[in-house]
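What's counted below: heavy atoms across the whole structure, side chains too, no hydrogens, waters or symmetry copies.
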Amino acid sequence: MACIAIVLHGHLPFVRHPEQPFYWEEHWLFEAIAGCYLPLLNALNRLKSENVPYRITLSLTPPLIYMLQDTLLRLRFEGYLEQRIELACRECRRTRYLPALYKLAKHYEEVFSRCLHDFTQTYCRDVIGAFSALQRSGHVEIMASCATHGFLPYLQINPTSVCAQVKLGVEVYRRTFGCSPRGFWLPECGYNSGMEKTLADAGIDYFIVDTHGIAHASPRARYGPYQNVRCANGVGVFGRDPESSHQVWSAQ
């Protein structure tokens with residue numbers, strides 16, 4: 001029997017600038033909430049309400065968790081949506097005699113208005129809480145990740161820093177979700193030999209590596225990245241499917 005595992009990775013660099021009323025970098029977060037996290041939550045909850053049996057795995061990194069829980073950033077996200085709703089309404093008035101442009105402006109007015117309603121009313125400004133509820137219902141398994149999304153093979157020159165990245169990532173997960181993580185997303189799927197011991201010491205059962213981490217493993221996995229393997233200490237390893245990963249990440 002063949003199985004497919006849908007694994008999503010949620011991460012953004014930490015951006016928060018209370019010293020300024022407006023900062024472009026924060027729009028990375030706002031665009032991700034409006035264009036990714038809220039639509040994903042809507043789709044998952046719709047499937048749940050329709051009794052569609054599904055399960056996916058999702059990693060949420062500590063920087064992203066802290067930003068989504070931050071009071072200032074949540075308030076600024078509302079302002080971001082309100083500005084775009086106002087702009088779309090002005091565009092609707094300006095293009096009322098230009099059908100194609102009016103249709104586009106109206107579309108964005110509806111999109112941003114729906115985002116504002118979902119954020120403030122449906123999810124009560126708590127995106128992390130909404131994902132946590134889906135984990136409690138058994139539809140989503142949330143994985144942990146490193147404290148600052150540091151690339152562990154480069155940090156391996158100082159093993160203490162690797163241990164700290166993993167340990168703090170697990171601690172943030174426990175404080176946020178009230179349970180211990182089973183899975184771990186290695187930043188950029190970067191692996192060094194021996195890293196599985198650090199993960200096992202943190203209570204991790206499995207982790208994700210890039211395609212070549214399985215394809216060039218020793219001994220070789222019979223089915224390459226399409227077969228999960230276990231390290232000598234029993235920790236499981238899953239490799240990314242190269243074709244679907246390329247479709248997501250390729251600039252073309």
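Q165 and T148 form a side-chain donor-acceptor contact under 3.5 Å, judged by distance and modelled atom types alone. Side chain to side chain, R240 and T211 fail the donor-acceptor criterion of an N or O pair below 3.5 Å. Under 3.5 Å, the side chains of N42 and Y123 contain a donor-acceptor pair of N or O atoms.
Within 6.0 Å of atom CD in E243, 12 or fewer heavy atoms from other residues, nucleotides or ligands are found, so the atom counts as exposed in its surroundings. Remark: Y108 OH is loosely packed, at most 12 non-hydrogen atoms of other residues, nucleotides or ligands lying under 6.0 Å away.
A salt bridge does not link R114 to E110: none of the charged nitrogens lies less than 4.0 Å from a carboxylate oxygen. A salt bridge links E91 with R94; the closest basic N to acidic carboxylate O contact falls under 4.0 Å. A salt bridge does not link R84 to E109: none of the charged nitrogens lies less than 4.0 Å from a carboxylate oxygen.
Ring geometry, Y37 versus F131: the interplanar angle exceeds 60°, so the pair is classed perpendicular (tilted spans 30 to 60°). A parallel orientation is assigned to the rings of H9 and H11, their planes being inclined by less than 30° (bins at 30° and 60°). Ring-plane geometry between Y191 and F207 is classed as parallel, the angle between the planes falling under 30 degrees on a 0 to 90 degree scale with a further cut at 60.
Counting heavy atoms from C-beta outward, Y66 and V172 have side chains that approach closer than 4.5 Å. Counting heavy atoms from C-beta outward, W185 and L60 have side chains that stay 4.5 Å or more apart. Looking at V237 and C231, their side chains come closer than 4.5 Å, going by heavy atoms from C-beta outward. The shortest side-chain heavy-atom distance between C179 and Y173 falls under the 4.5 Å cut-off. The side-chain heavy atoms of L64 and L29, taken from C-beta on, include a pair separated by under 4.5 Å. Under the 4.5 Å side-chain criterion, counting only non-hydrogen atoms from C-beta, I56 is in contact with L44. Taking 4.5 Å as the limit, some side-chain heavy atom of V166 sits within range of a side-chain heavy atom of F184.
Side chain of E141 to main chain of R55: no donor-acceptor pair is present (N/O by atom type, distance under 3.5 Å, no hydrogens or angles). Remark: the backbone N or O of S244 is paired with a side-chain donor or acceptor of D241 at under 3.5 angstrom. For the pair R96 (side chain) and R93 (backbone), a donor-acceptor distance under 3.5 Å is present.
In this structure, R74 has no salt bridge (Lys or Arg N to Asp or Glu O under 4.0 Å) partners at least two apart in sequence or on a different chain. In this view, H246 satisfies the ring-ring contact (aromatic ring centres under 6.0 Å, His included) rule with no residue, not counting sequence neighbours.
For the pair R76 and Y80, the cation does not sit on the ring face, since its NZ or CZ is not both under 6.0 Å from the ring centre and inside 45° of the axis.
When all heavy atoms of A147 and P63 are compared, the pair lying nearest together is O-CD, 3.4 Å. The heavy-atom pair separating L199 from L186 by the smallest distance is CD1-CD2, 4.2 Å.
Hydrophobic clustering, with ILVMFWY side chains joined whenever heavy atoms are under 4.5 angstrom apart, groups I6 together with L47. Note: the hydrophobic cluster containing L134 also contains I65 (ILVMFWY, side chain heavy atoms under 4.5 Å, direct or indirect links).
Put simply, CD1 on I208 and CZ on F238 are 6.5 Å apart, with the number rounded to the nearest 0.5 Å. Between atom CE of residue M143 and atom OG1 of residue T61 there is a gap of 11.0 Å, rounded to the nearest 0.5 Å.
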